[in-house]
Amino acid sequence: MQQVFWVGIGCKGGTSWQLIDRAIEQIFRENQLCQSAIAGIATIDTKASEVGLVELCNLRNLPLKTFSAQILRSVCVPNPATITDHKVGTPSVAEAAAILAASQLTFMTVFPFTSIEELRVRFLVPKQIFQLQGQPGAVTLAVAQASKIISITEKEFRMDSVRLDV
């Protein structure tokens, strides 16, 4: 099965891999998505060493793709949050990270985007927040799908050639 889904994750420090895993399982079950099609996990760069995320990626053998707050904030998302912007410097982590990872753009790509309408991404699941009573932490999850496997270099990238299917 082709791995095309990117799971964007925002989480509180100390969130367990079990809570993140349960959130992914629930989202994929509710939306009838196949977990074996997950290409990777995406988040903000300040969470690159978050134990729960790293453990989950190791257990599932998935890459962890990270983006700076500056890059994440350049993406227009359906559900921006002022509180997230104040805490981490971007109004979106989960949605923006999922969209950017699924678009398969690289740091060599021209930023910032004025809109994501043209990224070749299907935004499948808007952010959802999960917490379990009696367990520390919380996770915000969103899912985007790469419409095709692409490799973009700075010279090949054109803003009018990329599209978002919502």
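- For A42 against F67, the heavy-atom pair with the smallest separation is CB-CE1, 4.2 Å.
- The main-chain N or O of I27 is found under 3.5 Å from a side-chain atom of N31 such that the two form a donor-acceptor pair.
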Q: Would you please test R73 and D85 for side-chain contact (heavy atoms from CB on, under 4.5 Å) and show each step?
A: CA-CA 8 Å; R73 76 177 300 109; D85 197 7; 2.9 Å; yes
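- Between I24 and I38 there is a side-chain heavy-atom pair separated by less than 4.5 Å.
- When all heavy atoms of L64 and K47 are compared, the pair lying nearest together is CD2-O, 4.4 Å.
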(Q) Would R60 and Q35 count as a side-chain hydrogen bond (donor to acceptor under 3.5 Å, both in side chains) here? Give the steps. (A) CA-CA 10 Å; R60 287 185 172 231; Q35 290 187 56; 2.7 Å; yes
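- Across all non-hydrogen atoms, the minimal contact from G8 to A98 is N-CB, 3.5 Å.
- How far CG of L62 is from CG of L53: 11.5 Å, rounded to the nearest 0.5 Å.
- Between V139 and I9 the shortest heavy-atom distance is CG2-CG2, 3.6 Å.
- Contact between N79 and P126 at its shortest, heavy atoms only, is ND2-CB, 3.5 Å.
- Put simply, the side chain of I20 does not reach to within 4.5 Å of the side chain of F130, judged on heavy atoms.
- Annotation for L56 and W17: closest pair N-CB, 3.8 Å, computed over non-hydrogen atoms.
- Contact check for F5 versus L124: side-chain heavy atoms found under the 4.5 Å cut-off.
- Between the OG atom of S36 and the CD atom of Q3 there is a distance of 7.5 Å, given to the nearest 0.5 Å.
- In this structure, the side chains of F28 and V143 come closer than 4.5 Å at one or more pairs of heavy atoms.
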